[in-house]
S.K.: 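The structure that follows is given in the form of structure tokens.
Lettering follows sequence order; numbering is per chain, from 1.
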Amino acid sequence: MKILVADDSRVMRQIVIRTLRQAGYAGHDIVEAENGREALEKVHSEAPDLVLSDWNMPEMNGIDLLAALRSSGSSVPFGFVTSEGSADMRARASAGGALFLIAKPFTPEAFDEALAPVLRG
Amino acid sequence: MTITAEPSYDDVQMVVEEVWSSFLGAEEPLLPAAPAELSVGWSAAVTVSGEWHGMVSVELPTGLAEEVTRRMLAVDETFDEDVADAVGELVNMIGGNVKSLMPGPSVLSLPVVAAGRVARPSDAVEVCRLDASWAGNPLQVSVQVLNAKNRGDA
């Protein structure tokens, strides 16, 4: 499977990719994007099986990315990995069509719990 | 109306400890430390704007900022670009979690990172300051409330 990781922080993209391995999801193809606009382009050009996106990014933020994907007809499974895990943000994520919101800081266990239904089917 | 609530010291300490233990390793604990004048090598800040207006900042000596970067990236050598990224991500996580503790709705800014000390707005009032030590290095986390009167939206 192919996973798109969108975050404006290279450090955080590396941590997300490392945590995917630690959670037992090694071996998947990883595609990276630095902001929502780049992620939007790469969803269409790379056809990932899952998008893991930060919320707060320059150019295009995560919730606008999700809205743009859905309005373009993409139903790619989408989850947030963000420092903002309030009930309000979770409700907005869910209303926008996100499957889950993993709050930073996170653990491999939190990744597995959120990703297992998507990646282990 | 602007809410002038402030996060408790215990809440801020819990947030910072969670960030530290998750991404920097639990084997080296973050310890409370006496307030001290830091030789600030790197700092970063985020602001929260909305129902609650505040700023969260982190200040680190250079050696600690570089060690944080090595741990977060799992590399031996660091470059300034990576240090800026890592310190910015630290304050983004701490600030995002502080935002979640405060009344909303509000918006979290992208982090501002500086080699040296990030300037604070003149209307910022510090409401919580965490002095800590990690691996023998001091660091400071500060939460400031921004005064509504000077923003023109009070």
Side-chain angles (χ1 to χ4, degrees), chain A residues 5-23 26 30 32 34-37 52-65 80-93 95-96 101-114, chain B residues 14-26 30 44 46-52 56 58 65-66 68-75 78-113:
Chain A
V5 177
D7 198 306
D8 54 319
S9 164
R10 185 176 85 87
V11 168
M12 186 48 64
R13 292 199 304 273
Q14 293 304 307
I15 291 173
V16 168
I17 292 166
R18 192 164 69 227
T19 305
L20 280 168
R21 282 201 307 270
Q22 292 167 343
I30 304 292
E32 298 182 48
E34 292 184 10
N35 57 61
R37 194 166 306 286
L52 295 178
S53 177
D54 188 16
W55 190 298
N56 206 12
M57 296 182 286
E59 299 284 334
M60 178 186 281
N61 67 27
I63 195 75
D64 288 346
L65 165 63
F80 284 104
V81 181
T82 172
S83 65
E84 304 180 62
S86 66
D88 173 52
M89 300 296 273
R90 289 178 187 279
R92 289 179 63 193
L101 185 153
I102 299 171
K104 303 173 187 173
F106 45 72
T107 60
E109 291 74 26
F111 260 55
D112 189 34
E113 189 179 328
Chain B
M14 186 183 67
V15 165
V16 175
E17 283 180 353
E18 198 178 344
V19 168
W20 235 260
S21 64
S22 297
F23 292 141
L24 300 166
L30 189 71
V46 287
T47 56
V48 178
S49 306
E51 201 66 20
W52 185 76
V56 179
V58 175
E66 291 174 350
V68 162
T69 307
R70 281 192 286 272
R71 295 277 187 121
M72 289 176 82
L73 272 176
V75 295
T78 61
F79 299 95
D80 280 358
E81 187 184 359
D82 295 331
V83 178
D85 187 348
V87 174
E89 195 54 33
L90 269 188
V91 84
N92 175 50
M93 285 188 280
I94 295 168
N97 280 276
V98 167
K99 170 182 177 280
S100 298
L101 294 170
M102 304 311 296
S106 56
V107 176
L108 184 72
S109 75
L110 294 169
V112 172
V113 184

S.K.: Just verifying a value: how many Å separate B:S109 OG and A:N56 CG, rounded to the nearest 0.5 Å?
M.R.: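 One finds 7.0 Å between OG of B:S109 and CG of A:N56.
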S.K.: On a heavy-atom basis, which atom in B:S22 and which in A:F106 lie closest, and how many Å separate them?
M.R.: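 Closest heavy-atom pair between B:S22 and A:F106: CB-O, 4.0 Å.
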S.K.: So, for B:D85 and A:V11, which heavy atoms are closest and what is the spacing to 0.1 Å?
M.R.: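 The answer is OD2-N, 3.1 Å.
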S.K.: In a check of side-chain contact (heavy atoms from CB on, under 4.5 Å) between A:E84 and each of B:N92, B:V48, B:V107, B:L108, which one passes?
M.R.: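 Of all the options given, the one that passes is B:L108.
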S.K.: Using modelled atom types only, decide if a donor and an acceptor are shared between the side chain of A:R18 and the backbone of B:M72 within a distance under 3.5 Å.
M.R.: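 Side chain of A:R18 to backbone of B:M72: a pair is present.
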S.K.: Rounded to the nearest 0.5 Å, how far apart are OG of A:S83 and CG of B:L90?
M.R.: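 It comes to 11.5 Å.
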S.K.: Could you tell me whether B:E89 and A:K104 have a side-chain N and a carboxylate O separated by less than 4.0 Å?
M.R.: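 A:K104 and B:E89: salt-bridged.
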S.K.: Under a 4.5 Å cut-off applied to non-hydrogen side-chain atoms, are A:D88 and B:S100 in contact?
M.R.: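 No, too far: nothing below the 4.5 Å cut-off.
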S.K.: Can you tell me if A:E113 has over 12 outside heavy atoms packed within less than 6.0 Å of its CD?
M.R.: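 Result for CD/A:E113: open.
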S.K.: Contact part of B:E18 toward chain A, heavy-atom cut-off under 4.5 Å: side chain, backbone, both or neither?
M.R.: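 Both backbone and side chain of B:E18 come within 4.5 Å of chain A.
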S.K.: Between B:M93 and A:M12, does a side chain to side chain contact (heavy atoms under 4.5 Å, CB included) hold up when you go through it step by step?
M.R.: CA-CA 10 Å; B:M93 285 188 280; A:M12 186 48 64; 4.0 Å; yes
S.K.: Heavy atoms only: give me the nearest A:Q14-B:L73 pair and the separation to one decimal.
M.R.: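 Looking at all heavy atoms of both residues, the closest pair is CG-CD2, 3.6 Å.
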S.K.: Given heavy-atom pairs under 4.5 angstrom as the criterion, report whether the side chain, backbone, both or neither of A:M89 touches chain B.
M.R.: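 Interface part for A:M89: side chain.
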S.K.: Measuring from A:T19:OG1 to B:F23:CZ, what's the distance to the nearest 0.5 Å?
M.R.: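 Answer rounded to 0.5 Å: 6.0 Å.
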